[in-house]
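Heads up, the thing below is written out as structure tokens.
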Amino acid sequence: MKYKRILLKLSGEALMGKKGFGIDQERLMEYAKEIKSAYDAGCQVAIVVGGGNIFRGIQAEEGGMDRVHGDYMGMLATVINSMAIQSALEGLRVQTRLQSAIKMEQICEPFIRRKAVRHLEKGRVVIFGAGSGNPYFTTDSAAALRAIEIEADVILKGTRVDGIYTADPEKDPTATKYEKISFEEVYTKGLEVMDLTAFTLCKENNLPIIVFDMNKTGNLLSLLNGQKIGTLVEM
Ligand code: GTP
């Protein structure tokens, strides 16, 4: 196994599947099976999920809502998604623990770094809910922060494209994919991998990022087995 401990970042929107809103049960189960395959292979898995399928703080702000208020609502949305992932995984008999950056002791543990690491060592998938617990930070930033805190070997950003391209492949048919790219090159070329806060956190802490297609069955496990899937960003 190439990576022993990973932080998997999932997008909230991806959980919508073909629906326009909320959680598509089919997509949720597909993701759970992918995660289980990594877990069964002995990988220590931590997960951060976005909340855009339920609530988007930025759009709410455009509609006149206070930014900070909207961001907190977005954090709560990530807890809903985290609970859905937890439930789906436990349905597959994967042991999990959910930790939230905002205390909700009736439904999950509070985020405690050392406990999270202990859970991983004991073979539990750890899901981090409520982002970083702070407004103005994205779930990508939360994912980068948690990955660094738990000393993950890599952050895996599951998306619907299979890597980083020279241009947006959904708009420009001549765009080509990078197999590997340095942090520096991502900066200078202005490529969109994560927001700059998240990206800088990874760069400054020498945490490699892999952007890959999470919707393709088997991709996650192949990647962990060392196959060249997606795009690797490293020093
Ligand atoms: P170990 O001490 O390593 O065995 O970890 P553990 O998670 O099994 O022990 P613990 O007794 O802390 O937790 C038992 C169960 O209670 C787990 O499902 C935890 O997720 C859950 N749990 C622990 N703390 C909290 C909390 O503050 N709130 C909620 N809702 N559940 C909690």
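We count ligands from 1, going down the list as the structure has it; atoms in each ligand are counted the same way. Remember, it's a predicted structure, so these values are computed and weren't measured experimentally.
- Proximity annotation for atom 5 (O) of ligand 1: of Lys122, Glu121, Arg124, Arg118, Arg124 comes nearest, heavy atoms only.
- A side-chain contact (heavy atoms from CB on, under 4.5 Å) with Leu10 is found for exactly one of Leu15, Ile85, Thr159, Val48, namely Ile85.
- Gln99 places a side-chain N or O within donor-acceptor distance of the main-chain N or O of Ile112, the cut-off being under 3.5 Å.
- Between Cys108 and ligand 1, an N or O atom pair is found at a separation short of 3.5 Å.
- Within the 4.0 Å cut-off (strictly below), no protein heavy atom is located near atom 11 (O) of ligand 1.
- Side chain of Asn81 to backbone of Gly50: a donor-acceptor contact under 3.5 angstrom is found.
- Of the possible polar contacts, none joining the Gln95 side chain to the Val125 backbone as a donor-acceptor pair under 3.5 Å is found.
- Summarising the contacts of atom 23 (C) of ligand 1 with Gln106, Glu109, Glu90, Gln95, the nearest heavy atom is found in Glu109.
- Given atom 27 (O) of ligand 1, the protein heavy atom at minimum distance is Pro110 CD, 3.6 Å.
- Looking at Asn219, its side chain does come within 3.5 Å of a backbone N or O of Asp213 through a donor-acceptor pair.
- With hydrogens and angles ignored, the 3.5 Å screen pairs a side-chain donor or acceptor of Asp195 with a backbone N or O of Thr197.
- For atom 16 (O) of ligand 1, the nearest protein heavy atom lies 4.0 Å away or farther.
- Looking at atom 7 (O) of ligand 1, its nearest protein heavy atom turns out to be Arg97 NE, 2.7 Å.
- Side-chain N or O atoms of Thr139 include none that pairs as donor or acceptor with a backbone N or O of Val49 at under 3.5 Å.
- Remark: atom 25 (C) of ligand 1 lies closer than 4.0 Å to at least one protein heavy atom.
- Hydrophobic clustering (ILVMFWY, side-chain heavy atoms < 4.5 Å, transitive): Ile107 and Leu28 are in one cluster.
- In terms of protein heavy atoms, atom 9 (O) of ligand 1 is closest to Lys115 NZ, 4.3 Å.
- Contacts between Leu98 and ligand 1 below 4.0 angstrom, taking non-hydrogen atoms only, are absent altogether.
- At least one protein heavy atom sits closer than 4.0 Å to atom 32 (C) of ligand 1.
- Considering only non-hydrogen atoms, atom 30 (N) of ligand 1 lies nearest to Glu105 out of Gln99, Met104, Glu105, Lys103.
- Atoms of ligand 1 found under 4.0 Å from any heavy atom of Ile107, numbered from 1 in the order shown, are 30 (N).
- The main-chain N or O of Tyr136 is found under 3.5 Å from a side-chain atom of Asp71 such that the two form a donor-acceptor pair.
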